[in-house]
Amino acid sequence: MSPQGAKVTMIHRTDPSVQTQSLIKTEQIDKSWQRYLAEAVTDPKLLLERLGLPLALLPQLQAANQQFSLRVPQPFLDLIEPGNINDPLLQQVLPQATELEVHPGYNHDPLQEADSNPQQGVIHKYHGRLLLVISGGCGINCRYCFRRHFPYQQNQLGAEQWQQALDYLRLHPEVDEVIFSGGDPLVTPDSRLFKMLEDLEQLPQLKRLRFHTRLPVVIPQRLTSEFNQRLQQSHLQSIIVLHINHPNEVSELLKDLLQPLRQSGITLLNQSVLLKGINDCSETLATLSHKLFDAGIMPYYLHRLDPVAGAAHFDIATTRAQQLAGELSVKLPGYLVPKLTQEIPGAPAKVQLLPELPSV
């Protein structure tokens, strides 16, 4: 979700001597998550070379890259089939010339978040919960991101702005849930993340803390034992909402590193975005739900694409989305069917779309 050129703060690899309770054997994690983040592929030419794709594609990649920069970390790159330009994971991150086309109704602020941005880093749209933009950086830049044009520079939570956000929460005692978002909140170093958590724990009204993140999907190594232990120690109930669109994104390493979180009682949910040519198929979506559940993640939301400028080529019609949801309802038990939803600017809640069941 980070804009072009967004900087991500890095910290040094943790001393191995203190990693006595690593989630998996240390030899399975040959680099720290910070190094994977720092070494993400940002050069379109390098991306093509790493995947064995023709360099003739480079001009269109570079043109789209000027508007929204490429960023793909190696663990996600390893899940992409080399030589396959149509790989569903590659298509989510590959800059394309179609992003430069102008389409009516697709704009820079598709959810009108500017209207719900009362102060820096705070987005307050719905009753009882609000969102804090604690990072402007992401581990990966998804081409359909609804915040690809978000004014992160105007929403940075420095020390002063963080205190102002806490003051805002004190003035709104009806808010009992905070959502850490971004960008991606988990690109934030643990030292800062844990200090923010400590501050929130001092607010008696708060009951839950939610993380909206894609980083564990693209760099599973982010799920460290220290992160798990800190959430386990908190009196706030933790919910991690992952963003997985395709079954190929559920790696074995991700499944392994999620298990300690599950065992700690942390709720794991998933939200997907319906994307043309990537997951607009009920078989793909059904397989995704099964793989999520096998990994201990509950399917939560299936979103209609937010109409952000540069992503119109991913969109599918509402009627087709409802048909897919109907087909999914037939294929799966109810608990594996995510809610088909659409965000409508100004609405007091997400709008659920009714599935259209196939005719008998």
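As a basis for the values below, the full set of heavy atoms in this structure was taken, side chains included, without hydrogen atoms, waters or symmetry mates.
Checking Ser32 against Gln221 by side-chain atom types alone, no donor-acceptor pair falls below 3.5 Å. A donor atom on one side chain and an acceptor atom on the other are not found under 3.5 Å apart for Gln233 and Arg230. There is a side-chain donor-acceptor pair under 3.5 Å between Asn228 and Ser264.
Transitive grouping of hydrophobic side chains (ILVMFWY, heavy atoms separated by less than 4.5 Å) brings Leu79 and Leu46 into a common cluster. Note: the hydrophobic cluster containing Leu70 also contains Leu48 (ILVMFWY, side chain heavy atoms under 4.5 Å, direct or indirect links). Following chains of ILVMFWY side-chain contacts shorter than 4.5 Å, one can reach Leu157 starting from Leu215, so the two form part of one hydrophobic cluster. One hydrophobic cluster, built from ILVMFWY side chains closer than 4.5 Å, cannot hold both Ile85 and Leu275; they sit in different ones. Under the 4.5 Å side-chain heavy-atom criterion for grouping Ile, Leu, Val, Met, Phe, Trp and Tyr, Tyr300 is connected to Leu336 within one hydrophobic cluster.
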TODO: Show your working on salt bridge (charged side-chain N to carboxylate O under 4.0 Å, His left out) between Lys291 and Asp294 and close with a plain yes or no.
DONE: CA-CA 5 Å; Lys291 290 196 74 171; Asp294 288 346; over 6 Å; no
Open item on the list: Run Arg129 and Glu177 through salt bridge (charged side-chain N to carboxylate O under 4.0 Å, His left out) and show every step you take.
Closed with: CA-CA 5 Å; Arg129 56 209 184 274; Glu177 180 170 354; 5.8 Å; no
Task: His124/His172 under ring pair (Phe, Tyr, Trp, His ring centres under 6.0 Å): CA gap, chis, key distance, verdict - done: CA-CA 10 Å; His124 193 182; His172 291 271; 5.4 Å; yes
Open item on the list: What verdict does the side chain to side chain donor-acceptor pair (under 3.5 Å) test give for Arg147 and Ser181, after you've listed the backbone C-alpha separation in whole Å, the side-chain angles of each residue and the deciding distance to 0.1 Å?
Closed with: CA-CA 11 Å; Arg147 289 201 185 120; Ser181 185; 3.1 Å; yes
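Considering only residues two or more places apart in sequence or on other chains, Glu283 meets the salt bridge (charged side-chain N to carboxylate O under 4.0 Å, His left out) condition with Lys331. Shown here are the ring-ring contact (aromatic ring centres under 6.0 Å, His included) partners of Phe314, two or more places apart in sequence or in another chain: Tyr144. Contacts of Glu198 classified as salt bridge (charged side-chain N to carboxylate O under 4.0 Å, His left out), with partners at least two apart in sequence or in another chain: none. In this view, Arg192 satisfies the salt bridge (charged side-chain N to carboxylate O under 4.0 Å, His left out) rule with no residue, not counting sequence neighbours. Residues passing the side-chain hydrogen bond (donor to acceptor under 3.5 Å, both in side chains) test with Asp115, sequence neighbours excluded: none. Phe211 pairs by the ring-ring contact (aromatic ring centres under 6.0 Å, His included) definition with Phe180, Phe227, not counting sequence neighbours. With sequence neighbours excluded, no residue forms a salt bridge (charged side-chain N to carboxylate O under 4.0 Å, His left out) with Glu160. For His303, the ring-ring contact (aromatic ring centres under 6.0 Å, His included) partners at least two apart in sequence or on another chain are Tyr301. For Phe293, the ring-ring contact (aromatic ring centres under 6.0 Å, His included) criterion is met by Tyr335, not counting sequence neighbours.
Screening Leu292, Leu288, Asn270 for a side-chain contact (heavy atoms from CB on, under 4.5 Å) involving Pro299 leaves a single residue, Leu292. Considering Pro73, Pro75, Cys138, Ser251 as possible partners of Val218, the one that fulfils the side-chain contact (heavy atoms from CB on, under 4.5 Å) test is Pro73.
Here side chain to side chain donor-acceptor pair (under 3.5 Å) pairs that include residues 77-87, with residues two or more places apart or in two chains, are Gln74-Asp78, Glu81-Asn84. Among residue pairs with one or both ends in residues 38-48, those qualifying as side chain to side chain donor-acceptor pair (under 3.5 Å) are Lys31-Glu39, Arg35-Glu39; sequence neighbours excluded.
Here the side chain of Gln229 pairs no donor or acceptor atom with the backbone of Glu226 at under 3.5 angstrom. Of the possible polar contacts, one joining the Ser272 side chain to the Ile244 backbone as a donor-acceptor pair under 3.5 Å is found. Gln205 contributes a side-chain N or O that, together with a main-chain N or O of Leu169, makes up a donor-acceptor pair within less than 3.5 Å.
By the 4.0 Å N-to-carboxylate-O rule, Glu327 lies close enough to Arg320 to be salt-bridged with it. Taking 4.0 Å as the cut-off between side-chain N and carboxylate O, Lys276 and Asp315 do not count as a salt-bridged pair. We find that Asp190 and Arg222 are joined by a salt bridge, their nearest charged nitrogen and carboxylate oxygen being less than 4.0 Å apart.
Counting all heavy atoms, side chain and backbone alike, Leu37 lies closest to Arg71 at O-NH1, 3.3 Å. Nearest heavy atoms, Leu340 versus Ala325: CD2-CB, 3.9 Å. Smallest separation of non-hydrogen atoms from Ile278 and His246: O-CD2, 3.3 Å. Between Asn117 and Val122, the shortest heavy-atom contact is ND2-O, 2.7 Å. The two atoms that bring Gly83 and Leu53 nearest to each other are C-CD2, 3.7 Å, heavy atoms only. Closest approach of Ala321 and Arg304 over heavy atoms only: CB-CD, 3.6 Å.
Checked against the 6.0 Å centroid criterion, the rings of Phe68 and His149 do not qualify as a close aromatic pair.
Residue-environment remark: NE2 (His235) exceeds the threshold of 12 foreign heavy atoms within 6.0 Å.
Applying the 4.5 Å side-chain rule to ILVMFWY residues, one finds that Tyr106 remains a lone member of its cluster.
For the pair Lys125 and Leu111, the minimum side-chain heavy-atom distance is below 4.5 Å.
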